[in-house]
Amino acid sequence: MSNKVRVRFCPSPTGDPHVGMVRTALFNWAFAKHNKGTFVFRIEDTDAARDSEESYKVLLDSMRWLGLNWDEGPEVGGPFGPYRQSERMDIYKDVAKKLHEKGFAYHCYCTQDEVEERRKAQKEKGQTPGYDAHCRELTDKQVSDFKALGREPVLRFRMPSKTITWNDLVRGELSFEHEHIPDYVLVRANGDPLYTLVNPTDDALMEITHVLRGEDLLSSTPRQIALYEAFKQIGVGQGITPEFGHLPYVMGEGNKKLSKRDPESSLLMYRREGFLPEGLLNYLALLGWSFGDDIEFFSMKEMADNFEISRVSANPARFDIKKCTAINADWIRKLSVEELANRMEKQLIEVGVLPNSPSKEQKDLLLAATPLVHERLETLSQVPGMLSFLFVEEKDFVVDHEDAEKSLTHDILPALEASVKIIKELPEFKTEKLHDELNRVLVTEMGLKARIVFTALRVAVTGRRVSPPLFESMEIMGREKVISRIEKHLKK
RNA sequence: GCCCCUGUCGUCCAGUGGCCUAGGACGCCGCCCUUUCACGGCGGUAACGCGGGUUCGAAUCCCGUCGGGGGUACCA
């Protein structure tokens with residue numbers, strides 16, 4: 001039982017979910033699946049000032065949208081709950097108390113200003129700045145003096161005087177000398193437990209075996225390893241120190257870490273823009289991990305089957321929206337016509353091109369139109385632009401002004417007139433017949449340039465110079481609509 | 001300042017002493033296909049940060065150097 005892999009993803013519910021966060025979740029998920037382990041989802045909401053219930057809901061919804069299902073966590077439960085830290089405050093208080101009683105942590109009465117001042121002095125001398133262990137060995141007298149001054153202490157962890165080394169799953173052996181890891185605060189003066197305490201506490205209690213997290217937490221790892229050793233002695237958890245793997249950053253434009261403020265970092269933006277979860281995840285998997293054999297297009301199942309942590313790279317990766325889009329386009333092409341129609345329907349409803357419950361006719365029309373755009377789409381958000389001409393009411397149908405000016409010139413009117421005549425007399429209103437007849441008369445007999453004349457027809461019928469294939473579009477629109485749209489221009 | 005991580009085409013990834021005159025993908029540029037836009041096909045562009053070693057042989061090992069990033073909190 002004890003060698004079963006347990007990993008966790010533990011975001012704070014602050015603001016929009018971030019793509020870097022999604023990447024971390026994905027790698028943890030894949031690692032769990034690959035090792036037939038457990039994927040724990042924990043919410044780190046101990047910071048009341050920044051966390052919100054709204055973000056919490058978005059977080060859960062996003063994870064579900066992505067299909068990153070958790071084995072234990074909120075709304076799912078599990079043997080180590082609760083999985084929201086805000087519901088575990090008593091646990092942290094208890095652990096803090098034990099650490100203090102057994103001497104692994106001590107009360108520090110220094111004010112932040114005092115600490116800061118001494119830090120500055122250290123810096124000037126070229127020493128590693130950090131807490132100087134001032135309050136490590138206070139006498140009773142000193143304590144009572146501080147109390148008399150009305151000072152409330154923070155709880156600091158007593159770092160052992162030794163080098164801390166671990167074998168990082170993605171970076172290999174890493175080592176920190178003890179003089180570079182000062183005693184750090186576990187509990188604030190006001191009693192709030194800090195990340196430094198709650199995160200390792202929960203990992204220990206939830207029996208996490210592997211910690212895969214962002215590079216930003218790299219420097220806090222030695223402190224946590226020391227804490228785990230203390231946990232072992234005071235009986236918190238099973239006495240296991242997890243293995244650590246530090247994932248590289250996801251960078252934005254320039255050389256900056258993709259920050260929460262960048263719109264390109266917002267998962268919600270990708271969702272709104274019509275990225276498929278499959279596509280986004282596939283792209284994110286490529287940031288820092290490779291399948292091997294030059295394979296870049298794969299499903300999450302395939303990723304999980306092949307996920308070796310040793311193939312994770314340590315270099316920061318730039319998020320490239322173009323490549324992300326290209327992969328998304330591949331995923332769209334891979335969808336079946338029915339599946340794509342389904343997803344397009346949702347998109348069209350969202351932007352109001354279709355009503356909330358589309359009619360049978362509308363659904364059929366959409367299904368018929370799907371093959372026409374299947375290879376043309378990069379994201380679902382492009383659907384309305386390509387297809388709303390099919391769904392719009394005739395009275396609302398508008399032709400792009402600029403396109404009309406370029407293509408629907410005065411000298412093209414005779415061709416439009418001829419087209420109407422042909423279309424009206426066509427015995428069968430089918431793509432091939434439309435093509436053959438219009439081509440025969442307009443191009444062969446009248447000697448017009450196909451490019452010119454068909455572009456004019458395209459603009460008249462679809463409203464744009466760029467559109468899905470013309471004759472197919474005409475066929476699914478129906479004869480009357482096509483005629484009325486062309487005639488509209490003849491009357492002008 | 002000190003500590004840590006990191007350095008292959010514009011970008012992401014492959015490459016772990018000879019398969020490398022460095023491979024793939026995205027991008028970009030041509031050409032073909034084509035009534036538009038795409039898809040597809042073909043071709044091209046472009047990189048081992050630098051300097052020393054080690055070795056018959058280095059992108060791969062060692063040393064140095066330079067660059068990028070992060071940490072140095074009663075943030076995470």
Side-chain angles (χ1 to χ4, degrees), chain A residues 10-12 14 44 46-47 50 108 110-112 115-116 119 122-131 152-156 168 170-171 174-177 179-182 184-192 194-196 198-199 213-222 246 248-249 251 255-257 283 286-297 311 313-327 329-330 333 372-378 382 386 403 407 435 438-439 442-443 449-459 462 464-471:
Chain A
C10 52
S12 293
T14 59
E44 307 225 329
T46 52
D47 188 346
R50 299 196 309 154
C108 165
C110 298
T111 64
Q112 293 183 58
V115 171
E116 185 50 43
R119 222 194 315 267
Q122 289 171 320
K123 249 186 190 177
E124 277 162 22
K125 280 191 275 180
Q127 295 170 333
T128 302
Y131 187 69
E152 290 293 338
V154 298
L155 186 67
R156 271 188 200 275
D168 196 272
V170 345
R171 284 153 215 270
L174 259 29
S175 181
F176 285 77
E177 302 296 328
E179 60 262 37
H180 300 304
I181 324 161
Y184 60 97
V185 176
L186 296 168
V187 182
R188 276 187 178 134
N190 68 6
D192 288 347
L194 258 16
Y195 167 84
T196 50
V198 300
N199 179 276
R213 43 145 58 154
E215 185 182 343
D216 47 335
L217 273 334
L218 187 61
S219 57
S220 72
T221 305
H246 290 90
Y249 284 116
M251 316 285 275
N255 239 351
K256 287 173 306 204
K257 188 182 159 197
Y283 175 66
L286 261 18
L287 258 34
W289 179 75
S290 63
F291 200 98
D293 301 326
D294 288 333
I295 293 171
E296 292 205 325
F297 186 77
R311 286 197 73 86
S313 143
N315 320 19
R318 216 103 32 177
F319 190 99
D320 181 1
I321 185 90
K322 285 210 177 112
K323 178 143 186 179
C324 184
T325 304
I327 288 184
D330 282 343
R333 277 173 225 127
L372 307 188
V373 296
H374 205 154
E375 292 180 336
R376 272 162 250 264
L377 288 170
E378 293 178 307
Q382 294 165 342
M386 287 184 191
D403 286 354
S407 302
H435 172 267
L438 287 168
N439 194 61
L442 301 174
V443 180
K449 274 219 155 86
R451 242 184 98 89
I452 309 278
V453 70
F454 289 129
T455 300
L457 271 176
R458 182 186 305 282
V459 173
T462 71
R464 295 182 172 200
R465 280 152 63 93
V466 173
S467 81
L470 180 57
F471 306 111

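Below, chains carry the letters A, B, ... as their sequence lines are ordered, and counting in each starts from 1.
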Rounded to whole angstrom, note down the [atom1] distance from [N] over to [M].
{"N": "B:rC20", "M": "B:rA14", "atom1": "C1'", "result": "12 Å"}
{"N": "B:rG1", "M": "B:rU16", "atom1": "C1'", "result": "36 Å"}
{"N": "B:rU60", "M": "B:rC9", "atom1": "P", "result": "14 Å"}
{"N": "B:rA59", "M": "B:rC3", "atom1": "P", "result": "32 Å"}
{"N": "B:rU36", "M": "B:rG7", "atom1": "C1'", "result": "46 Å"}
{"N": "B:rG68", "M": "B:rU11", "atom1": "P", "result": "15 Å"}
{"N": "B:rC39", "M": "B:rC12", "atom1": "P", "result": "24 Å"}
{"N": "B:rG67", "M": "B:rA76", "atom1": "P", "result": "34 Å"}

What does the list of N/O pairs under 3.5 Å between the protein and nucleotides 72-76 of chain B look like, with a distance for each?
residue: B:rU72; atom: O2'; partner: A:Pro129; partner atom: O; Å: 2.9
residue: B:rA73; atom: OP2; partner: A:Arg119; partner atom: NE; Å: 2.6
residue: B:rA73; atom: OP2; partner: A:Arg119; partner atom: NH1; Å: 2.4
residue: B:rA73; atom: O5'; partner: A:Arg119; partner atom: NH1; Å: 3.1
residue: B:rC74; atom: O2; partner: A:Ala189; partner atom: N; Å: 3.2
residue: B:rC75; atom: OP1; partner: A:Arg188; partner atom: NH2; Å: 3.0
residue: B:rC75; atom: OP2; partner: A:Arg188; partner atom: NE; Å: 2.8
residue: B:rC75; atom: OP2; partner: A:Arg188; partner atom: NH2; Å: 2.4
residue: B:rA76; atom: OP2; partner: A:Tyr195; partner atom: N; Å: 3.2
residue: B:rA76; atom: N6; partner: A:Arg223; partner atom: NH2; Å: 3.3

Does A:Arg119, at its CZ atom, have more than 12 non-hydrogen atoms belonging to other residues, nucleotides or ligands within less than 6.0 Å?
yes

Would you say CZ of A:Arg451 has more than 12 non-hydrogen atoms from neighbouring residues, nucleotides or ligands within 6.0 angstrom?
no

Kindly say whether, by distance alone, the side chain of A:Arg376 makes a donor-acceptor pair under 3.5 Å with the base of B:rC37?
yes

Tell me, please, which residues at least two apart from A:Ile452 pass side-chain contact (heavy atoms from CB on, under 4.5 Å).
A:Ile412, A:Lys449

Heavy-atom closest pair, residues A:His374 and A:Arg333:
NE2-O, 3.4 Å

With sequence neighbours left out, the residues meeting ring pair (Phe, Tyr, Trp, His ring centres under 6.0 Å) with A:His435 are A:Phe471

Who pairs with A:Tyr131 by ring pair (Phe, Tyr, Trp, His ring centres under 6.0 Å), at least two apart in sequence or on another chain?
none

For nucleotides 25-28 of chain B, give me every protein contact, N/O to N/O, under 3.5 Å, one pair per line with atom names.
residue: B:rA25; atom: O4'; partner: A:Glu296; partner atom: OE1; Å: 3.3
residue: B:rA25; atom: O2'; partner: A:Glu296; partner atom: OE1; Å: 2.6
residue: B:rA25; atom: O2'; partner: A:Lys323; partner atom: NZ; Å: 3.1
residue: B:rA25; atom: N3; partner: A:Lys323; partner atom: NZ; Å: 3.0
residue: B:rC26; atom: O2'; partner: A:Lys323; partner atom: N; Å: 3.3

Sorted by chain and residue number, the side chain to side chain donor-acceptor pair (under 3.5 Å) partners of A:Arg156 (sequence neighbours excluded) come out as none

By side chain to side chain donor-acceptor pair (under 3.5 Å) - contacts of A:Asn439 (at least two apart)
none

Strictly by Watson-Crick or wobble contacts shorter than 3.5 Å, is anything paired with [N], and which nucleotide is it?
{"N": "B:rC66", "value": "B:rG7"}
{"N": "B:rC28", "value": "B:rG44"}
{"N": "B:rU54", "value": "none"}
{"N": "B:rC37", "value": "none"}
{"N": "B:rU72", "value": "B:rG1"}
{"N": "B:rA59", "value": "none"}

Residues which pass salt bridge (charged side-chain N to carboxylate O under 4.0 Å, His left out) with [X], listed by chain and number, not counting sequence neighbours:
{"X": "A:Glu378", "value": "none"}
{"X": "A:Asp192", "value": "A:Arg188"}
{"X": "A:Arg465", "value": "A:Asp403"}
{"X": "A:Asp47", "value": "A:Arg50"}

Check the distance between [N]'s [atom2] and [X]'s [atom1] and give it to me in whole angstrom.
{"X": "A:Phe297", "N": "B:rG24", "atom1": "CZ", "atom2": "C1'", "result": "16 Å"}
{"X": "A:Arg451", "N": "B:rU36", "atom1": "CZ", "atom2": "P", "result": "6 Å"}
{"X": "A:His246", "N": "B:rG70", "atom1": "NE2", "atom2": "P", "result": "16 Å"}

Regarding [X], tell me which of base, sugar-phosphate or nothing describes its non-hydrogen contacts under 4.0 Å with the strands shown.
{"X": "A:Gly288", "value": "sugar-phosphate"}
{"X": "A:Tyr184", "value": "nothing"}
{"X": "A:Pro469", "value": "base"}
{"X": "A:Ser290", "value": "sugar-phosphate"}

Are A:Asp168 and A:Thr221 side-chain neighbours, meaning at least one heavy-atom pair lies under 4.5 Å?
no

Name the closest nucleotide to the A:Ala317 side chain, picking from B:rC12, B:rU36, B:rC39.
B:rC12

Quick one: classify the glycosidic conformation of B:rC42 as syn or anti, with syn meaning within 90° of 0.
anti

Looking at A:Ser220 and A:Leu217, would you say the former's side chain and the latter's main chain have a donor-acceptor pair under 3.5 Å?
yes

N/O to N/O distances under 3.5 Å, protein versus nucleotides 4-8 of chain B:
residue: B:rC5; atom: O2'; partner: A:Arg171; partner atom: NH1; Å: 2.2
residue: B:rU6; atom: O3'; partner: A:Asn315; partner atom: OD1; Å: 3.4
residue: B:rG7; atom: OP1; partner: A:Asn315; partner atom: OD1; Å: 3.2
residue: B:rU8; atom: OP2; partner: A:Asn315; partner atom: ND2; Å: 3.4

With a cut-off of less than 4.0 Å, is there a side-chain N or O of A:Arg311 near OP1 or OP2 of B:rG15?
yes

A:Ile295 or A:Ala450, whichever maps to the more 5' nucleotide of RNA chain B
A:Ile295

With RNA chain B as reference, determine whether A:Phe319 or A:Arg333 sits nearer its 5' end, using the nearest nucleotide of each.
A:Phe319

